Each structure stands twice: as structure tokens, then as C-alpha cells.
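A short write-up of the structure that comes next.
Reminder, nothing fancy here: chain letters follow the sequence lines and each chain counts from 1. Everything numeric here is computed off the predicted structure, so don't read it as measured data.
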2 protein chains.
Amino acid sequence: MEAPIKILIADDEADILEIISFHLIKAGFEVFTAKDGSEAIEKANTYAPDCIILDIMMPKRNGFEVCEYLRSNSKFDKTLIVLLTALNDETSHIKGLELGGDDFITKPISPKVLISRITALFRRLQPSTGQNKIINSNDLSIDLTQYKTTLKGVNYVLAKKEFELLYLLAAQPGRVFLRGEILSQVWGNDVIVGDRTIDVHIRKIRAKLGIDCITTVKGVGYKFDY
Amino acid sequence: MEAPIKILIADDEADILEIISFHLIKAGFEVFTAKDGSEAIEKANTYAPDCIILDIMMPKRNGFEVCEYLRSNSKFDKTLIVLLTALNDETSHIKGLELGGDDFITKPISPKVLISRITALFRRLQPSTGQNKIINSNDLSIDLTQYKTTLKGVNYVLAKKEFELLYLLAAQPGRVFLRGEILSQVWGNDVIVGDRTIDVHIRKIRAKLGIDCITTVKGVGYKFDY
DNA sequence: AATCAATATTATCAAATTGTTAACTAGCCC
DNA sequence: GGGCTAGTTAACAATTTGATAATATTGATT
């Protein structure tokens, strides 16, 4: 998991917010906090977290309302929602899960348990994205289904050939691709283009991304290394 | 969900086995039972269930051992494991999740809760089973049942094809749809229309909504991004 | 250090792709 | 029928992308 996982916690009790943040940060997550339902929705929209932990009982909008809002917005389709409550009450539990919550944790919260559960949720979720067409390396992400390249969260627009070339190399970091391989993979076997064409595209990728993620292996070919 | 979801329950207490089975069957699952750890492993191999509910305290092999066995076998990569225990004990909880359990439920078990949680787990796992008829993204809402599009609460009237095209793209924000995909999804496979037709409709949508929610990926297709 | 081949860079032009407009057609309702 | 709307298409403009050639630079080898 390259890019840090973003977690938003919403609870009106400042001390709980603090203790949970502390443990989540220590566990390597990037943490945002909200002290009521409205702020939770606002920050969810701003930061697009991967997981949102919601207290049921909160001012402005309660956890159920926030959960319902999130689940009605396709933007949050892949966002995990964990509901938190002081009540050990079966009705809330079922209601929360039916509204689309992914997990339910009862207070008092053990930080260790919380982190274990969140980790377990992500473990389950990650492979479910299937044979991922997304390549992640450091802070560089290359998503084939979206034709999208981001570096440190910033989006870079690559042209079709540039993208396909980068994707090919990045799919097997470190491996050197011969010019012939690149030609047949990116251009196809029936198309005939000169060697300089590859260079030019490599150059454009390097220029656009501003990082040297492609290494030249003189006399052989190119490889992705980042 | 075409084929019934198969669930294996392992517990040494016959009455618990019975009551859980009863409720799971009622909820539409196909249920297998085992009364100890060895039998659980045996039946897991035989029936390849989608979900295995394991009591921690069982004869022959306990829940942890079975969990560890299952997780070491790639055959069960996609199998959900739910651990069950009478102890409300944090250590077991964490140990179970770390061994690769997907969820942890403490006794006494409420059948309703159990079923909610299992359903929630499967909901997450199933790739977009939720064929939502209403798409919401930011302040844009697209309602298939009413063929209605609203932006910031204001209603916009899209023609049939325009609506269907927008709906298709918006159903999977970010994903690039190839022109061919768009044609077969919106127009069908037997209808033959030119490529310009898509452009014109895209243009009309952009003009009507006044926002640029559809991005062109040159040489590839279009995607919804808002 | 000189040489040579491979690669990088730049500019330029050609080709592909999409955007835009307007015109045409078919169906529908009054 | 006449007027309306939606859908399609054609023609052209605008834009983006791709390929090449010419030139500069690099790096290995001697």
C-alpha cells in the first residue's frame, strides 16, 4: 500500500477523537477529524477519505444520517464506513449495517481492536478490486481503466501513446523492455515506426511527470524504476 | 446473485448450530454445518463455501487453527471467515483478525445481527451488486426511474439518448468508456450509427447541464468526472 | 582525448480525433 | 397536413496527437 490510507473520524467527544487519531496516525494512516455530522460530510467531500468512522450520536447530523448521505452518493461507493456507538443495542446495529455501514464497533473502544478491524476491512477490500488495472509505485499511480496518471495526488494528463508506453513499463518495474518489445506492445506488429519515435515519447513522459521514472539502458532499451 | 451463497458453520454446541442454520437458511443461504475443527476443514474443502463461521472454542481443532489453515491455502483467498466466541476478550479478537478473519462476533449471538453482518460483508465483496437506480454525485442527481436529472435542485430535461448516455457514464465515475462500449450499451449491438452521433450527444449534455462533467480521453473514449 | 554509435532534443509537418454547426429525417401530437 | 422534437448525419473547423528528420548530446571503447 503505497499512498497513505486516509481516514476521517467524526465524534463529538474531543478526547475520543484525540485518542483514536493518535493510534491511527501511529498505525500509519492519514487522519482527518470532524466534531459533528455536518463537518463530517464537508470533510468527506473535501478529502475523499478511504474510510470514515462515524459516531452514531453526534450533533447537527447523527451517524445514521451521514451514513445514508454517503451511501447515496456514488462518489463514496468505495469508501468504508465504520459506525461507532455507546449503545450495545441490536436495533442500531442492524440499522447501521442496513444503511450501508461496513462495520460496527461498540464503545468503550479499544484502539487495538479498532485498528485490527480497520486493517481487516482493508485487507478484504483491496483484492476485491480484482485484477487491478492500477499500478502504484511510491506516490505515482497509473490507472488503466481511468487512463489517469497521478503523482503525489496531482493529476497528469498523458496522451494515449504516452500513457500506454508508461503503463507497459510500469507494469513490470525494473524489467528492461527492448525497443522491439515496446514497439510490438504499444504500436502493434503491423505498424512500422522508427526508433526515434520511442525516444520522443519517453521524453514527453519524463517532461510531463517531471521525475525520472524511466531509465535508459543504453544499447538495450528502457525500464521503469521509481 | 444467481447461485445461492454457501455458508459453513462450525460450532460444537448443537443448539447454536441449529438456530443459526435455521436463520441463515431462512435468509436464503445454502448452509453446511460442522461440529468440530477437523470436520470444518473437511467440509470447507468439499463444499468450497463462500463464508465460514467458526467458533473459537471447538474440539479437535479450534477456530484459530482452522482460520490459519484456511488462510494458508490460496483456495480460500476469497472465502469470508467470521469468528465466533463466548469471550469478550480483546486478545482473541485481535488474534483472530490478524490470522485473517474478516469479522468477529461475540456470543450471545443475535441471529439478526449475524445475518446483517454477513450481508454487509458480502455487499462489500460483491463488485457493485448495488444496481442503484439513482446516481448522486456532488449536486448532480440522475434518477433512472424518473428519467430525471437535477443539478443543485434544478431540474434539467434531457432527451432519452442523452439521459441514457449520461447515466451510463455517471454510473461508474472516472471509468473511461470506449466508444464501442458506449455504442453497444446505449444504442445496442444491432444498431449502427456513426461516431459523430456520440459526440453530438455528449455536446448536448454538456450544453444543457452547463457543467463539464464529461471528460474526453482522446483516442480512447469519454468518462464522467464531477 | 578521439571516435563512433546510441540516445536526447527540438522543430515541423502529417494524421487522427473530436468539436461544432446546420441540415435532414422520422415520428408524434394537435 | 403543419409544427414540434429527437435522433442522425454530413461537412468542416479546431485541436490534439504522432512520426520524422535534423541536430545536439551522451557514453562507451579504444
Report which part of the nucleic acid A:Phe163 touches: base, sugar-phosphate, or nothing (heavy-atom distance under 4.0 Å, all strands). nothing
Would you say A:Tyr222 reaches C:dA8's phosphate, i.e. side-chain N/O to OP1/OP2 under 4.0 Å? yes
Would you say B:Thr197 places a side-chain N or O within less than 4.0 Å of OP1 or OP2 belonging to D:dG7? no
From CG of A:Asp212 over to P of C:dT9, roughly how many Å is that when rounded to an integer? 9 Å
Euclidean distance, atom CG of residue A:Asp195 to atom P of C:dA5 [Å, nearest integer]: 15 Å
Considering heavy-atom distances to DNA chain C, does A:Lys160 or A:Arg206 have its closest nucleotide positioned more toward the 5' end? A:Arg206
Within the pair B:Arg196 and C:dT17, is there a side-chain N or O less than 4.0 Å away from OP1 or OP2? no
Can you tell me which nucleotide in C:dA8, C:dT21, C:dT18 comes closest to the side chain of B:Arg203? C:dT21
Aromatic ring pairing A:Phe32/A:Tyr47, orientation class (parallel under 30°, perpendicular over 60°, tilted between): parallel
Could you tell me the separation between the CG atom of A:Asp199 and the C1' atom of C:dA5, rounded to a whole number of Å? 13 Å
What's the closest nucleotide to the A:His201 side chain, out of D:dT15, D:dA22, D:dA19? D:dA19
Side chain of B:Ala159: nearest nucleotide among C:dG19, D:dT17, D:dG7? D:dG7
Between CH2 of B:Trp187 and P of D:dA6 the distance, given in whole Å, is 15 Å
Electrostatic pair A:Arg117-A:Asp103, nearest N-O below 4.0 angstrom: yes
Looking only at N and O atoms, is any donor in the side chain of A:Lys161 or the base of D:dT17 less than 3.5 Å from an acceptor on the other one? no
Given B:Lys204 and B:Asp199, is the salt bridge (Lys or Arg N to Asp or Glu O under 4.0 Å) satisfied, shown in steps? CA-CA 9 Å; B:Lys204 286 177 179 169; B:Asp199 305 13; over 6 Å; no
Using a 6.0 Å cut-off, check whether atom CD of A:Glu18 has over 12 heavy atoms from anything other than its own residue. no
Across the strands shown, which category fits B:Thr216 at heavy-atom distances under 4.0 angstrom: base, sugar-phosphate, nothing? sugar-phosphate
Are the side chains of A:Ile9 and A:Leu24 in touch, meaning some heavy atoms are under 4.5 Å apart? yes
Between B:Lys218 and B:Glu162, just flag the one whose closest nucleotide in DNA chain D comes earlier from the 5' side. B:Glu162
Between P of C:dG19 and CD1 of B:Ile205, the distance in whole Å: 12 Å
Between B:Tyr147 (OH) and D:dA6 (C1'), how many Å, whole number? 14 Å
The nucleotide from C:dT20, C:dT7, D:dA19 with an atom nearest the side chain of B:Val200 is C:dT20
Can you tell me if B:Arg179 touches the phosphate of C:dT17, counting only side-chain N or O atoms and a distance under 4.0 Å to OP1 or OP2? no
For B:Ile198 and C:dT20, give me the distance from atom CD1 to atom P, rounded to whole Å. 16 Å
Please report, rounded to the nearest Å, how far the P atom of D:dA19 is from the CD1 atom of A:Ile202. 13 Å
Listed nucleotide nearest any side-chain atom of B:Lys204, set D:dG7, C:dT10, C:dT7: D:dG7
Main chain of A:Thr145, side chain of B:Arg175: is a donor-acceptor contact present, judged purely on distance under 3.5 Å? no
